[in-house]
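Following: one structure in structure tokens, then a few remarks.
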2 protein chains.
Amino acid sequence: MASIHDVAKEAGVSVATVSKVINHYPDVSDKTRKKVKNAIELLRYRPNVIARGLVTGRSWTVGVLINIPFTNPYVAMLLEGIKTALEDSGYDLMRLSARLNDPAYSFIDHCHSRNLDGVVVFGVEKDHRSIQELIESGIPTMFVDTDATGLRAGNITTDNRNGVHMAVRHLFELGHRRIAYLAGTPGHNVGESRRAGYRDGLEASSIPYCEDYVVNGDFSYDSGIQGMTKLLQLERRPTAVVCSSDMSAFGVIHSIEAHGLTVPGDISVVGFDNIYEAELFKPALTTINQNIHAIGVKSIQELISMIKSSDYPPPVVTEPSSLIVRESTATCADSVG
Amino acid sequence: MASIHDVAKEAGVSVATVSKVINHYPDVSDKTRKKVKNAIELLRYRPNVIARGLVTGRSWTVGVLINIPFTNPYVAMLLEGIKTALEDSGYDLMRLSARLNDPAYSFIDHCHSRNLDGVVVFGVEKDHRSIQELIESGIPTMFVDTDATGLRAGNITTDNRNGVHMAVRHLFELGHRRIAYLAGTPGHNVGESRRAGYRDGLEASSIPYCEDYVVNGDFSYDSGIQGMTKLLQLERRPTAVVCSSDMSAFGVIHSIEAHGLTVPGDISVVGFDNIYEAELFKPALTTINQNIHAIGVKSIQELISMIKSSDYPPPVVTEPSSLIVRESTATCADSVG
DNA sequence: CTGAAAGCGCTTACAG
DNA sequence: CTGAAAGCGCTTACAG
């Protein structure tokens with residue numbers, strides 16, 4: 001690889017001048033500029049981003065810490081959005097390992113040793129030690145689905161609360177009164193917002209809250225199976241269940257069918273996320289849509305804004321959610337009216 | 001952030017000595033080593049990987065070029081494998097943009113300007129200009145599912161040919177004789193291997209090859225729908241169809257059901273990939289399993305071996321495939337015997 | 001065993 | 001408008 005010295009020699013100028021041409025400084029004569037450009041062309045010279053970063057302090061690299069498997073469809077869509085927003089931005093994406101439970105590992109040290117310009121963090125809860133360190137470090141940060149902020153840290157999430165609220169209302173309007181809720185991880189930011197939405201929905205429908213109808217899960221398929229199994233043992237089993245994720249809704253449906261009942265004939269089911277599979281599933285899943293791709297795009301756009309100007313206020317953005325009605329919900333069979 | 005100079009000053013030694021301690025050189029007295037270690041601890045010093053890379057020529061960064069959306073389940077699993085193998089290796093992963101069709105963009109320049117130690121490439125066909133450039137560049141490379149090699153470039157893929165062969169044999173043993181094939185992209189390495197496997201399977205079963213029973217697709221859901229629609233218009237429609245991907249198999253099944261027929265009652269369907277959804281789908285999909293995670297892991301392991309020693313021969317590895325029988329295949333109804 | 005010096009490939013005041 | 005010099009944070013012969 002040709003270096004800036006080679007170009008300078010070829011063009012018969014100093015390296016400082018070459019640097020100025022590369023960086024579009026105005027105070028270079030057209031004649032010199034042309035000579036340099038020719039030399040660059042001739043030698044196929046490309047500036048070394050690494051070396052440049054050492055002196056400018058900018059790496060043109062954005063880190064991403066994702067503490068959830070890539071095979072999670074939600075993660076995949078988020079990454080797709082991140083990728084889209086990064087394209088042509090000049091920034092490259094670096095994945096940071098997620099050894100969050102290894103005390104010898106420091107996420108911040110990692111960011112510093114790599115000179116990262118900013119990071120987006122997904123799937124780490126607010127109270128994890130590294131979150132606090134990160135906020136204090138002053139590295140521009142966007143949290144996805146984590147309710148944390150700082151001088152240089154913003155966050156972005158879906159309107160989870162209203163989403164579940166809408167799901168409950170939808171079921172209410174179909175005549176359901178015994179509406180169960182398969183909750184997400186307790187204490188988890190997103191899980192709690194959705195749980196609050198469930199109560200909102202009941203309240204708006206004047207349905208009394210009944211503890212038996214709320215089962216905790218962890219968003220997974222398996223937790224859907226387990227949760228539904230419990231609900232089916234209830235004396236007055238629910239006629240509908242709202243789930244805190246599509247994956248757990250699939251588990252719920254599987255469990256219902258394994259017990260010889262049908263969806264939505266006997267029990268209606270609503271998911272949350274609107275992952276790709278929701279449409280493919282049989283029955284196609286009624287669910288709450290999240291604009292995950294948009295969240296990925298915006299997280300990067302906002303992050304870059306923060307990187308570019310140190311007084312860009314760290315944003316807190318909430319993306320709207322929406323109800324997508326498909327085949328897994330229907331009028332309540334034993335409607336009380 | 002403390003620099004090596006700060007540590008040297010704090011410890012009362014030269015930066016050269018600090019460097020030796022960091023890099024575990026043996027020729028440092030225990031006393032000095034201790035002083036330096038204390039200073040490092042005290043200042044929370046972490047070496048700057050970027051600066052180090054500038055002088056050593058190693059960035060401890062591996063690039064990944066993936067020319068397929070992250071939302072593709074296959075890509076997600078591959079990444080998961082890559083991630084696993086990278087953990088604790090000391091290498092970080094950088095995603096490279098895939099502006100392969102932008103003539104102004106050079107993938108190799110990108111690798112060089114980022115000082116990448118090696119790259120894994122997925123979803124780019126052998127004849128793309130950047131592949132040739134990459135091979136010539138001498139950057140250690142592992143191609144996934146692309147049949148390219150070079151002095152410093154190896155590849156890894158699934159035994160695609162035998163996979164489809166097994167699928168055909170499975171159907172044959174169930175009594176099927178009119179076995180159609182929904183092919184992948186023509187000219188595509190993986191597509192062609194699987195196509196060859198189809199012919200192998202017919203031959204081994206003494207079934208004559210019939211052109212009408214082969215429809216081209218591009219691995220997508222939509223191409224499955226379109227392909228099956230064509231096949232259903234045939235006078236003697238097939239009793240079974242082997243698909244070149246699970247996604248296209250889902251499309252095929254959708255199309256069959258849309259025509260009022262059932263799977264596997266009327267027509268048996270086999271997929272390829274064994275993505276997560278294959279098991280969730282109804283009917284659960286009989287398919288050919290690829291060890292995608294293992295491919296991800298091995299691609300990185302081999303790449304790192306190549307990086308570490310310049311005479312490590314570029315590997316060409318084929319992962320075995322296997323048949324997973326589920327619910328989408330059954331004995332042929334109108335078996336000819 | 002220790003350190004001064006050169007250098008990796010750049011950029012940035014600064015002097016002329 | 002141009003270039004010499006210092007410096008970003010490191011490592012690596014080399015001399016002592």
Side-chain angles (χ1 to χ4, degrees), chain A residues 1-40 43-61 90 92 109-117, chain B residues 1-40 43-61 90 92 109-117:
Chain A
M1 286 302 287
S3 80
I4 197 171
H5 282 100
D6 302 324
V7 176
K9 183 182 282 182
E10 177 68 32
V13 299
S14 73
V15 295
T17 301
V18 176
S19 177
K20 280 171 191 160
V21 171
I22 295 166
N23 295 298
H24 307 103
Y25 279 52
D27 58 338
V28 179
S29 73
D30 277 1
K31 198 176 145 202
T32 308
R33 190 181 301 276
K34 202 141 289 171
K35 276 197 297 186
V36 172
K37 288 205 163 171
N38 285 338
I40 288 176
L43 302 174
R44 269 191 123 266
Y45 168 70
R46 300 289 169 236
N48 184 312
V49 179
I50 296 302
R52 173 181 290 169
L54 193 58
V55 18
T56 60
R58 299 186 62 175
S59 62
W60 289 96
T61 304
D92 277 317
D109 286 349
H110 198 159
C111 294
H112 277 133
S113 79
R114 285 284 184 184
N115 251 282
L116 299 183
D117 292 340
Chain B
M1 287 303 287
S3 80
I4 197 171
H5 282 100
D6 302 324
V7 176
K9 183 182 282 182
E10 177 67 32
V13 299
S14 72
V15 296
T17 301
V18 176
S19 177
K20 280 172 190 159
V21 171
I22 296 166
N23 295 298
H24 307 102
Y25 278 53
D27 58 340
V28 179
S29 73
D30 277 1
K31 197 175 145 203
T32 307
R33 189 182 304 276
K34 202 142 289 171
K35 276 197 297 185
V36 172
K37 287 204 165 172
N38 284 338
I40 289 176
L43 301 175
R44 271 191 123 267
Y45 168 70
R46 301 287 170 238
N48 184 312
V49 179
I50 297 302
R52 173 181 290 170
L54 193 58
V55 17
T56 60
R58 299 185 62 174
S59 62
W60 289 96
T61 304
D92 278 316
D109 286 349
H110 198 159
C111 294
H112 277 133
S113 80
R114 285 285 184 184
N115 251 285
L116 299 183
D117 292 339

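Residue numbers begin at 1 in each chain, while the letters A, B, ... track the order of the sequences.
- For the residue pair B/Thr61/A/Arg114, the side-chain donor-acceptor check at 3.5 Å is satisfied.
- Stems are defined here as 3 or more consecutive Watson-Crick or G-U wobble pairs with pairing distances under 3.5 Å; those involving DNA chain D are C:1-3 with D:14-16, C:5-12 with D:5-12, C:14-16 with D:1-3.
- If you walk DNA chain D from 5' to 3' and mark each nucleotide with an atom closer than 4.0 Å to a heavy atom of chain A, the marks span D/dC1 to D/dG9.
- One finds the CG atom of A/Asn23 at 6.0 Å from the OH atom of A/Tyr25 (value rounded to the nearest 0.5 Å).
- Looking only at side-chain heavy atoms (C-beta outward), B/Ile22 and B/Val18 come within less than 4.5 Å of each other.
- Pairing each heavy atom of B/Ser29 with each of B/Thr32, the nearest pair is OG-OG1, 2.7 Å.
- Contact detail for B/Met1 and B/Asp6: the closest heavy-atom pair is O-OD2, 4.3 Å.
- Evaluation of the side-chain contact (heavy atoms from CB on, under 4.5 Å) rule for B/Asn38 yields B/Lys34 as partners, not counting sequence neighbours.
- Across all their heavy atoms, B/Arg58 and B/Asp117 have their closest contact at CA-OD1, 3.4 Å.
- Side chain of B/Ser59 to main chain of B/Asn115: a donor-acceptor pair is present (N/O by atom type, distance under 3.5 Å, no hydrogens or angles).
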Enumerate, atom names and distances included, each donor-acceptor pair closer than 3.5 Å involving a side-chain atom of residues 9-16 of chain A, sequence neighbours excluded.
residue	atom	partner	partner atom	Å
A/Ser14	OG	A/Ala16	N	3.4
A/Ser14	OG	A/Thr17	N	3.2
A/Ser14	OG	A/Thr17	OG1	3.2

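- Both A/Ala2 and B/Arg33 lie near DNA chain C, and the one whose nearest nucleotide falls closer to the 5' end is B/Arg33.
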Q: Starting from the C-alpha separation in whole Å, work towards a yes-or-no answer on side-chain contact (heavy atoms from CB on, under 4.5 Å) for A/Asp109 and B/Arg44.
A: CA-CA 9 Å; A/Asp109 286 349; B/Arg44 271 191 123 267; 3.2 Å; yes
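- Annotation: the span from A/Asn48 atom CG to A/Ile4 atom CD1 amounts to 10.5 Å, rounded to 0.5 Å.
- Contact check of residues 7-22 of chain B against DNA chain C (heavy atom, cut-off under 4.0 Å) returns B/Val13, B/Ser14, B/Ala16, B/Thr17, B/Lys20.
- Applying a 4.0 Å cut-off to non-hydrogen atoms, the residues of residues 44-53 of chain B that approach DNA chain D are B/Tyr45, B/Arg46, B/Pro47, B/Asn48, B/Ala51, B/Arg52, listed by residue number.
- Between the NZ atom in B/Lys20 and the CZ atom in B/Arg33 there is a gap of 11.0 Å [rounded to 0.5 Å].
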